[in-house]
Amino acid sequence: MPSLRTSGSSHRRRAVFAAGLLVALVLTLVLAAAASARSGRVGPEVRAPWAPGRAAEALLRDDFASHGIWDAQPTGTLDYTMTGVAPEMTLTATDASGTPVWRVAGGDVSAASGTLPAAFVAVFAGSDSNPLRSGELVAKNADGTVRFRRTFTNEFVQPLCDTTKRLVWVEVSAKAATRVFVRQGSATHTVALPYRPTRAGSPMFAASSAGGSRLIVGTDMPSTDRRSVMTSWLRVSRSGVPSIVSRGITDWVYVALSPSADKAAVMTSEAVGGVGNRWVSFGRFSGRLFEGEDSGQMDVSAHRIFVQGRYTFGDGQDGWSTHMVTVLDHSPMMIYKRAWTFDDASSSIWFRHNGRIDRLAGVDDKGALTVVNVDSWAITTLSGPYVDAVPIDGGRIATMTADGTLAFIADPVPGP
């Protein structure tokens, strides 16, 4: 495990595999994760359950499987399994004890967590890289029963919010029309975004506040010299009617909303060159710069901002190469709460955080788990066969092993 030291700088993601087939597969997984980041959520890191140098033919088995944790809360988890040469993804929801409650499977899956094990899920029939696909949109209650179901054909569909009263999602049609839908009670309301690109694709980003009352959607615009995105801020009324508050052309490539969406952490295309990220208010298009150059992921809690990178973007190539983790308080913005870099830039570790962003957990290439207390800067590393781990508010950590075994352990780091 590489050492951790405080710093205010950047980077990390994958070691280079010698075999060409390994490189191709890893690149595919990285591109898929980067695409999910552009569309408003950062999907879980897909950790390969093999060591560098293992024979490439092992990857060609039909029983090849990669396991991980999509999301974890005190009330349950969402876990994923990706299997086969022609990928199929299974999403399993468990309760707080780790007992499976329901599962869905398809060529690909996208989800917005409710209070787990409740979730709002898009299940795509195939694993085609074309964003326009057919499938089913389904909202699962905590007990596994279905409270909403909708099929779609030749569209891009992404769930954004799941509460007991409201479901929010975005759809892009084959004619490149983008619409935001809000389901409240027995009524569904929708609004079309005015800008329609020349061809259909997934949004650059789309995100919702925790309660679904404030939204943001960015649509990529054709550009030859810089990244241009038509960005729309939307508000949803108490009766569930969405409307556009403001829109403008930005250079944003990723947006993380605070739970209330009064503020957003924004990654711009210039951030790749080290200019930085912006902290903007709802409905606005400019804001204060904050630290965390070359970012690859940003998340926002009620009081903190989580940043890790580096992220490369442009010319159709996306990927993560990270050895930087930064946690900032909203105010004062210029003072780090904590920041770390890894001495070994080739290390493969990707940190997850809890809801408050006061605990971090990451698994390295050897399966060792590192847990960090953001407030005290206390760090503990546990050896083990882990492939994923997510800290949970309340003092537990959800862990996953390479064979798909989910378990909960007590937070090994002392302190509040």
Side-chain angles (χ1 to χ4, degrees), residues 37-42 112 120 155-163 165-173 175-185 187-197 200-221 223 227-271 277-290 298-303 305 330-331 333:
R38 292 201 309 273
S39 61
R41 62 150 174 89
V42 173
F120 189 27
E155 293 180 318
F156 173 82
V157 177
Q158 182 185 339
L160 298 180
C161 179
D162 177 11
T163 73
K165 297 181 179 180
R166 181 178 288 171
L167 300 172
V168 183
W169 70 96
V170 61
E171 294 184 5
V172 180
S173 72
K175 295 183 178 180
T178 302
R179 303 187 70 90
V180 171
F181 291 81
V182 179
R183 175 80 174 180
Q184 190 162 308
T188 300
H189 302 279
T190 184
V191 63
L193 304 187
Y195 174 71
R196 182 178 296 189
S202 60
M204 177 64 67
F205 47 80
S208 167
S209 63
S213 62
R214 294 178 175 181
L215 314 168
I216 188 169
V217 181
T219 303
D220 197 17
M221 304 176 71
S223 178
R227 176 63 57 186
S228 295
V229 179
M230 178 58 72
T231 300
S232 299
W233 292 96
L234 300 94
R235 190 186 304 275
V236 179
S237 70
R238 290 186 177 181
S239 58
V241 179
S243 61
I244 298 171
V245 173
S246 59
R247 63 190 184 100
I249 299 175
T250 70
D251 59 357
W252 301 352
V253 296
Y254 182 78
V255 174
L257 298 180
S258 65
S260 65
D262 61 326
K263 295 284 188 177
V266 172
M267 181 168 66
T268 69
S269 58
E270 280 80 3
N277 306 302
R278 292 192 177 274
W279 184 238
V280 304
S281 298
F282 174 79
R284 305 294 295 273
F285 298 96
S286 62
R288 183 178 183 177
L289 286 169
F290 70 90
M298 294 188 294
D299 284 307
V300 182
S301 69
H303 302 289
I305 304 170
H330 291 183
S331 178
M333 181 66 72

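Any value given below was found using the heavy atoms of this structure, including those in side chains, with hydrogens, waters and symmetry copies removed. Numbering starts at 1 and runs along the sequence shown.
Annotation for Pro203 and Val217: closest pair CB-CG1, 4.3 Å, computed over non-hydrogen atoms. Minimum interatomic distance between Ala206 and Val170 (heavy atoms only, all atoms of both residues): CB-CG1, 4.2 Å. Residue Met267 comes nearest to Met298 through the heavy atom pair N-CE, 3.1 Å, listed as atom of the first residue, atom of the second, then distance. The two residues Pro194 and Ile244 come nearest to each other via the heavy atoms CD-CD1, 3.4 Å. Nearest heavy atom pair, residue Arg196 against residue Ala176, reads CG-O, 3.3 Å. Pairing each heavy atom of Cys161 with each of Gly211, the nearest pair is SG-C, 3.9 Å.
Atom-to-atom distance recorded for Tyr195:OH and Met221:CE is 4.5 Å, nearest 0.5 angstrom. Here the CZ-CG distance, from Phe282 to Asp262, works out to 10.0 Å after rounding to the nearest 0.5 Å. Taking OG of Ser331 as the start and CZ of Arg288 as the end, the distance is 7.5 Å to the nearest 0.5 Å. Atoms CD1 and OG1, from Ile249 and Thr219 in turn, are 11.5 Å apart once rounded to the nearest 0.5 Å. Between atom CZ of residue Arg284 and atom OG of residue Ser286 there is a gap of 5.5 Å, rounded to the nearest 0.5 Å. Distance OG1/Thr250 to CD1/Ile216: 7.5 Å, rounded to 0.5 Å.
A side-chain donor-acceptor contact under 3.5 Å links His330 to the backbone of Ser301. Remark: side-chain polar atoms of Thr178 are not paired, donor with acceptor, to backbone N or O of Leu193 under 3.5 angstrom. A donor-acceptor pair is defined here as one N or O able to donate and one able to accept, closer than 3.5 Å; no such pair exists between the side chain of Trp279 and the backbone of Lys263.
Under the side chain to side chain contact (heavy atoms under 4.5 Å, CB included) criterion, Ser243 pairs with no residue at all, not counting sequence neighbours. Under the side chain to side chain donor-acceptor pair (under 3.5 Å) criterion, Thr190 pairs with Arg179, not counting sequence neighbours. Arg166 is linked by a side chain to side chain donor-acceptor pair (under 3.5 Å) to Gln184, counting only residues two or more places apart in sequence or in another chain.
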Would you check, one step at a time, whether the test side-chain contact (heavy atoms from CB on, under 4.5 Å) holds for Trp169 with Arg183? CA-CA 9 Å; Trp169 70 96; Arg183 175 80 174 180; 3.7 Å; yes
Passes side-chain contact (heavy atoms from CB on, under 4.5 Å), Ser246 versus Phe285? Steps please. CA-CA 9 Å; Ser246 59; Phe285 298 96; 3.7 Å; yes
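Note: Phe205 and Trp252 have tilted aromatic rings, judged against thresholds of 30 and 60 degrees for the angle between ring planes.
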